[in-house]
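One structure is given below, encoded as structure tokens.
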Amino acid sequence: MIIEQAVYSILSSNANLIAVIPATNMFAGNAPQDFPNPCIIYSRSYTTPENTKENEYWQICNFEVDIFANDYKEAATIADLVKDSLNRF
């Protein structure tokens, strides 16, 4: 599973988030042109390789999450739910 699929899986399985924004409104990379609000677009901003003392290979991935909504309150609500969903992953 690539990391973007894992992010989608985490977001789309959060019942509180899905109650506000359907999983069909979550996109990796970009959304279709003229897609209605609200929607979430997430993309990997960079990946940093890490080696451990035991010579294991890890990657630290940073993501940018953009939230488009009809007003600030809706965007802030969705942002909090996204943050809660992805916290500690």
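Not measured: the values here are computed from a predicted model.
- In the hydrophobic cluster analysis, where Ile, Leu, Val, Met, Phe, Trp and Tyr join through side-chain heavy atoms closer than 4.5 angstrom, Leu81 is grouped together with Val65.
- Residues Ile40 and Asp66 form no side-chain contact, since every pair of their non-hydrogen atoms from C-beta on lies 4.5 Å or further apart.
- Here CG of Leu11 is found 11.5 Å from CD1 of Ile78. Values are rounded to the nearest 0.5 Å.
- For residues 14-26, every residue pair satisfying the side chain to side chain donor-acceptor pair (under 3.5 Å) rule, not counting sequence neighbours, is listed here: Asn14-Ser85.
- Nearest approach of Pro36 to Cys39, heavy atoms of both residues: O-CB, 4.3 Å.
- Screening residues 19-40 for ring-ring contact (aromatic ring centres under 6.0 Å, His included), with sequence neighbours left out, gives Phe27-Phe35.
- Sorted pairs that involve residues 74-83 and meet salt bridge (Lys or Arg N to Asp or Glu O under 4.0 Å), not counting sequence neighbours, are lacking altogether.
- Applying the side chain to side chain donor-acceptor pair (under 3.5 Å) rule to pairs touching residues 33-50 yields Glu4-Arg44, Arg44-Thr47, Tyr46-Asn62, sequence neighbours excluded.
- Here Ala75 pairs with Ile67, Ala69 under the side chain to side chain contact (heavy atoms under 4.5 Å, CB included) rule; sequence neighbours left out.
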(request) Apply the test side chain to side chain contact (heavy atoms under 4.5 Å, CB included) to residues Leu17 and Met26: give CA-CA distance (whole Å), side-chain angles for both, the deciding distance (0.1 Å), then the verdict. (result) CA-CA 11 Å; Leu17 181 58; Met26 300 176 188; 3.7 Å; yes
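- Here Ala23 pairs with Tyr8, Ser12, Ile18 under the side chain to side chain contact (heavy atoms under 4.5 Å, CB included) rule; sequence neighbours left out.
- In this structure, Ile21 CD1 and Thr77 OG1 are separated by 11.5 Å, a value rounded to the nearest 0.5 Å.
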